[in-house]
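The structure appears right after this line, and notes come after that.
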Number of protein chains: 2
Amino acid sequence: MLNYSTSEENYIKAIFHLQQADGNVTTNELAAELKTKPASVTDMMKKLKTKKLVHYRAYHGFRLSADGTKLALIIIRRHRLWEFFLAEKLKFSWEEVHAVAEDLEHVSSKKLIDKLDEFLSFPRFDPHGDPIPDSNGKIETSKQVCLQDLPLNKLAMVSHVSDQSKEMLELLGHKKIGIGTKLEVKRKFNFDNSLEIKIRQPRRTSPDQPPINISEQLSNNIFAKYDE
Amino acid sequence: MLNYSTSEENYIKAIFHLQQADGNVTTNELAAELKTKPASVTDMMKKLKTKKLVHYRAYHGFRLSADGTKLALIIIRRHRLWEFFLAEKLKFSWEEVHAVAEDLEHVSSKKLIDKLDEFLSFPRFDPHGDPIPDSNGKIETSKQVCLQDLPLNKLAMVSHVSDQSKEMLELLGHKKIGIGTKLEVKRKFNFDNSLEIKIRQPRRTSPDQPPINISEQLSNNIFAKYDE
DNA sequence: AAAATAATTTAGTTTTGTCTAAAAATATTT
DNA sequence: AAATATTTTTAGACAAAACTAAATTATTTT
Ligand SMILES: [Mn+2]
Ligand SMILES: [Mn+2]
Ligand SMILES: [Mn+2]
Ligand SMILES: [Mn+2]
């Protein structure tokens, strides 16, 4: 496999994330995401097109080619494995890992990443709850759902938090909810769409806690997974 | 502390290593070391001079300034800690670590390196036996000596091997000598300057092995440390 | 279907790091 | 102390990645 520059890799990864939502990605969108200017994006798209990493028609946006997607998954794998390493082994906090992984992800030795994966015992999720692609680029297509859409009385695991503002983290900290927290939605009140949830203690240390209340705004930003 | 490019860091590190031997470093020397052209070196020296990282007078070579030396030690610290990590935790072999560390050394988070250091329990030497600068940039000025210059019957530890060719590694492997091996020189034969050495077993597993013979060429490439 | 607006591309620069070929300085021979 | 050889620097070009300002295309309004 060829070698790509840090800049090319950052573009490819950003396109991958943007097209999860949209499908087709737009010059201005990508410029905003990468904090660069639209003109720079156009230049790069021309280059990535000649390298066959994106499909691109001038004025009509772009999306990753098969090769581009493969590359994106390699970079995401590196990023998330390093994040896991930083959090798990070096005891970095949740919010700190991303910035450092943003650099580490561009060290391109395949052997390094596969050995790191093994050293970490093949973790399946990064500290933000996002799935880590395996060494073949296969990624769990998680049917992740926001708390509002969770069936009642079904045990689920918090896997993602979309808003990571200070205020959000403060609230989550207070309610003792984080990535990996297991919980059940017990009731849903139609008046304000607030939820009553029960948090399952990690290792049955203390007895069951009383159910707590979650506002609609908060529940819309918390995502979880469950079986079936 | 400011941030430097990968290229600038590679130059600084290379100058540091070259001036260990020489004192004053020369344009051609550095170009050879970095596999680049003399004209490129001159360009970079002008830049590093304006950044006050080197002392440089046209046509008269250069050496690191105090700031340049400080930077070099930071990069060497990163390089050797990553090498230790790769060898110790990811089970990379001795010869593989350098190339990967050559990239990792340019990820510049101070916190990353200090936490990595702690995670590794503050190792003092990299897998090649070279000392690792501490977080203040202090490096062990090891009075390392080649086997030829070792006093007789003094226990010493192999700390460095200057030639790392395949042939050399094959020979070392056969004689069961590596970084960290403890040994004593028992005799020196003036006819061919060959040595008779005794290898101290790591944990007295087997009884003392019989002494082995080392040629002058081999002994000149093995360095060791001893007390006092 | 024009006109107006918004999005995108093009043209022309800039910075960083590299290169080749020619010129200048230094070192070595004779 | 010249002449010659070697080393180093300068001059001019190039590729990558960014930017600004102007031109072009697409979309929305009227
Ligand atoms: Mn990045
Ligand atoms: Mn993440
Ligand atoms: Mn390097
Ligand atoms: Mn080393």
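Here is how names work: the chains are called A, B, and so on, in the same order as the sequence lines, proteins then strands, and each is numbered from 1.
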Check your understanding: Does the gap between the ring centers of A/F85 and B/F85 come in under 6.0 Å?
Key -> yes
Point to revise | Side-chain donor-acceptor contact under 3.5 Å, B/E9 with B/H106 | key: yes
Study note, to complete from the structure: Shortest non-hydrogen pair, A/N10 vs A/E102, comes out as OD1-OE2, 3.5 Å
Practice item. Looking at every strand, decide which applies to A/F62 at a 4.0 Å heavy-atom threshold: base, sugar-phosphate, or nothing. Key: nothing
Review point. Does the distance from a Lys or Arg side-chain N to an Asp or Glu carboxylate O, for A/E8 and A/K51, drop under 4.0 Å?
Key: yes
**Study point:** Side-chain N or O of B/K46 closer than 4.0 Å to phosphate OP1/OP2 of D/dT10
**Key:** yes
Review point. Reckon A/T27 touches a base, only the sugar-phosphate, or nothing at all at heavy-atom distances under 4.0 Å?
Key: sugar-phosphate
Practice item. Tell me which residues in residues 98-108 of chain B put a heavy atom below 4.0 Å from DNA chain C, sorted by number, or none. Key: none
Review point. What's the verdict on side chain to side chain donor-acceptor pair (under 3.5 Å) for B/D67 and B/S65, showing C-alpha distance, side-chain angles and the deciding distance?
Key: CA-CA 5 Å; B/D67 281 359; B/S65 69; 5.4 Å; no
**Study point:** Which nucleotide in C/dT26, D/dA18, D/dT10 has an atom nearest any side-chain atom of A/S7
**Key:** D/dA18
**Study point:** A/N24 CG to D/dA26 P, straight-line distance once rounded to whole Å
**Key:** 14 Å
Exercise for review: Would you kindly compare B/T26 and A/M44 by the position of their nearest DNA chain D nucleotide and give the one closer to the 5′ end?
Suggested key: B/T26
Exercise for review: Ignoring backbone atoms, test whether B/Y4 places a side-chain nitrogen or oxygen under 4.0 Å from the OP1 or OP2 oxygen of C/dT16.
Suggested key: no
Exercise for review: Give a yes/no answer on whether the side chain of A/K37 brings an N or O atom under 4.0 Å of OP1 or OP2 in D/dT20.
Suggested key: yes
Practice item. Please check the phosphate of D/dC19 (OP1 and OP2 only) for any side-chain N or O of A/S40 closer than 4.0 Å. Key: yes
Study note, to complete from the structure: Separation of C/dT20 atom P from B/D43 atom CG, nearest Å, is 13 Å
Check your understanding: Contact class for A/Y56 vs. all strands (heavy atom < 4.0 Å): base, sugar-phosphate, or nothing?
Key -> sugar-phosphate
Point to revise | Rounded distance in Å - CG (B/L48) to P (D/dT9) | key: 13 Å
Check your understanding: Is there a donor-acceptor contact under 3.5 Å linking the side chains of A/E170 and A/H174?
Key -> no
Exercise for review: Pick base, sugar-phosphate or nothing for A/T42, based on heavy-atom distances below 4.0 Å to the nucleic acid.
Suggested key: base
Practice item. Would you indicate, yes or no, if D/dT8 has its OP1 or OP2 atom less than 4.0 angstrom from a side-chain nitrogen or oxygen of B/N28? Key: yes
Check your understanding: NA contact type, A/A58, heavy-atom cut-off 4.0 Å: base, sugar-phosphate, or nothing?
Key -> sugar-phosphate
Practice item. Find out whether A/H60 and A/N24 are in side-chain contact, i.e. whether some heavy atom of one side chain is under 4.5 Å from a heavy atom of the other. Key: no
Point to revise | Contact nearer the 5' end of DNA chain D, comparing B/P38 with A/Y59 | key: B/P38
Review point. Atom NE2 of A/H60 and atom C1' of C/dT8: how far apart are they, to the nearest Å?
Key: 10 Å
